[in-house]
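Structure first, commentary second.
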2 protein chains.
Amino acid sequence: MKLSPTMQKYIVHWGEMGTRWGVNRTVAQIHALLFLVNHPMTADDIMETLNVARSNVSNSLKELQSWGLVKVQHELGDRRDHFVALQDVWEIFRVITEERKKRELDPTLTVLRECAIEAETDFEIEAATRKKMDEVLEFLEVLMYGYDDFKKLPPSTVIKLLKMGSKLGQLASLFGKDDT
Amino acid sequence: MKLSPTMQKYIVHWGEMGTRWGVNRTVAQIHALLFLVNHPMTADDIMETLNVARSNVSNSLKELQSWGLVKVQHELGDRRDHFVALQDVWEIFRVITEERKKRELDPTLTVLRECAIEAETDFEIEAATRKKMDEVLEFLEVLMYGYDDFKKLPPSTVIKLLKMGSKLGQLASLFGKDDT
DNA sequence: CCTTTGTTTCTGTCTTTACAGAAATTAAAT
DNA sequence: ATTTAATTTCTGTAAAGACAGAAACAAAGG
């Protein structure tokens, strides 16, 4: 499949963006391609379109499937796998956030909790340091539990909340005890 | 300076985390060190403590300063630079978010806007694809403007909002027109 | 059961990034 | 101005990651 210059630019940039956030370039590019395109593609289609090795496509697709961003489809009278990407932007965002949380933030939280506990009995550590460790932990926990709450809301509600923006802040500071 | 095992674990993990998010390991480690420690450190102190080359420390510190996460201090009768890290967790978070937004999200937004405009006149691109490009753009814009609003609020208010969590959602769906 | 088609795993190469050590630069103190 | 201390920039090496091509594997059809 031949890409229009605009789509090419889009996909290349998306790949670039990926690398800056620790995502493999090819993975990001394939994701962008499958997102933009309006029909399922085979691994060979992708390979031709992006000019990457077959094996690279295969591994990247596996990665994307493990993230839940891409699914396999079959077409009548064709035994090849056809791949389609999740098409809803908010859903994509939700999936990526959720997955990174699970893969990176959760393990981090575990380690930080261990450290906080060890620090309690480690008299080499100054009280001020211990306090800071606790603060980081508290920060991440508030953030994650907050996130867990918000992710349940429908996108339209989240959009409303985002657009209310700082008005919400005024509201919050009216009542609501600060139980930090 | 000798590190207690707990601090070592903390710092190593922080470095590990950094790499997963596109931050240089040493940069992340030095940041963690300076954050945890309760006094300014010289480049040589850091070098000894973390066992990395002097040049590496120098470059990493420059990087951290460019992010606004570390500042130089001078002590009476000592011409060496002493480095201190920002100590407030919420402020650190704000600075990092802001900086990454500036360095990565803003340029992305520019490219995506260019693409969206080019796509309008590019008849190789299907209508559905164009629509998806617009949706991504819209999504990022809502997110960024929302963020711009919330970052002005004091942390205590944000904490309150986060803790209200999904209750806010119920509120938002009561009134508030959905002007998407 | 053998052939064809499709997919994955393996192996080696290339590219990028991280880093150490040396050289060069800057700046303070005498 | 010269010496000394401090810091940065430069250069080469090492490690990690990305990727292509080949080989191996799996499965469907005849």
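Convention: sequence-line order gives letters A, B, ...; per-chain numbering from 1.
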Of the nucleotides dA22(D), dC19(D), dC19(C), which has the atom closest to the Ser55(A) side chain?
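The listed nucleotide nearest to Ser55(A)'s side chain is dA22(D).
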Do any side-chain nitrogens or oxygens of [X] fall under 4.0 Å of OP1 or OP2 in [N]?
X	N	result
Lys62(A)	dT9(C)	yes
Asn24(B)	dC19(C)	yes
Ser58(A)	dT7(C)	no

Specify the separation, in whole Å, of atom [atom1] of [X] and atom [atom2] of [N].
X	N	atom1	atom2	result
Asn51(B)	dG21(C)	CG	P	11 Å
Met47(A)	dT8(C)	CE	P	14 Å
Glu16(B)	dA18(C)	CD	C1'	14 Å
Asn56(B)	dG12(D)	CG	P	19 Å
Ile46(B)	dA20(C)	CD1	C1'	17 Å
Leu76(B)	dA28(C)	CG	P	15 Å
His74(B)	dA29(C)	NE2	P	11 Å
Arg25(A)	dG17(D)	CZ	C1'	11 Å

Can you name the one residue among Asn56(B), Ile11(B), Val57(B), Thr26(B) that meets side-chain contact (heavy atoms from CB on, under 4.5 Å) with Leu50(B)?
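The side-chain contact (heavy atoms from CB on, under 4.5 Å) with Leu50(B) is passed solely by Ile11(B) among Asn56(B), Ile11(B), Val57(B), Thr26(B).
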Which residue, Asn59(A) or Ser60(B), contacts DNA chain C at a nucleotide closer to its 5' end, judged by nearest heavy atom?
Asn59(A)
cation_pi(Arg20(B), Trp21(A)) dist<6.0 Å, angle<=45:
no
What is the ring orientation for Tyr10(A) with Trp14(A), classed by angle as parallel under 30°, tilted 30 to 60°, or perpendicular over 60°?
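Correct class here is parallel.
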Mind checking the CG-CG spacing from Asn59(B) to Asn24(B)? Nearest 0.5 Å is all I need.
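If we round to the nearest 0.5 Å, Asn59(B):CG and Asn24(B):CG are 9.5 Å apart.
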Arg94(A) side, atom CZ; Ile96(A) side, atom CD1 - distance, nearest 0.5 Å:
11.0 Å
Base, sugar-phosphate, or nothing for Thr26(B), non-hydrogen atoms under 4.0 angstrom?
sugar-phosphate
What are the atom names and distances for every N/O pair under 3.5 Å that joins the protein to nucleotides 3-6 of chain C?
| residue | atom | partner | partner atom | Å |
| --- | --- | --- | --- | --- |
| dT5(C) | O2 | Arg79(A) | NH2 | 2.9 |

Hey, are Glu126(B) and Arg130(B) close enough for a salt bridge, meaning a charged N less than 4.0 Å from a carboxylate O?
no
Salt bridge check, Glu99(A) against Lys102(A): does any charged N sit closer than 4.0 Å to a carboxylate O?
yes
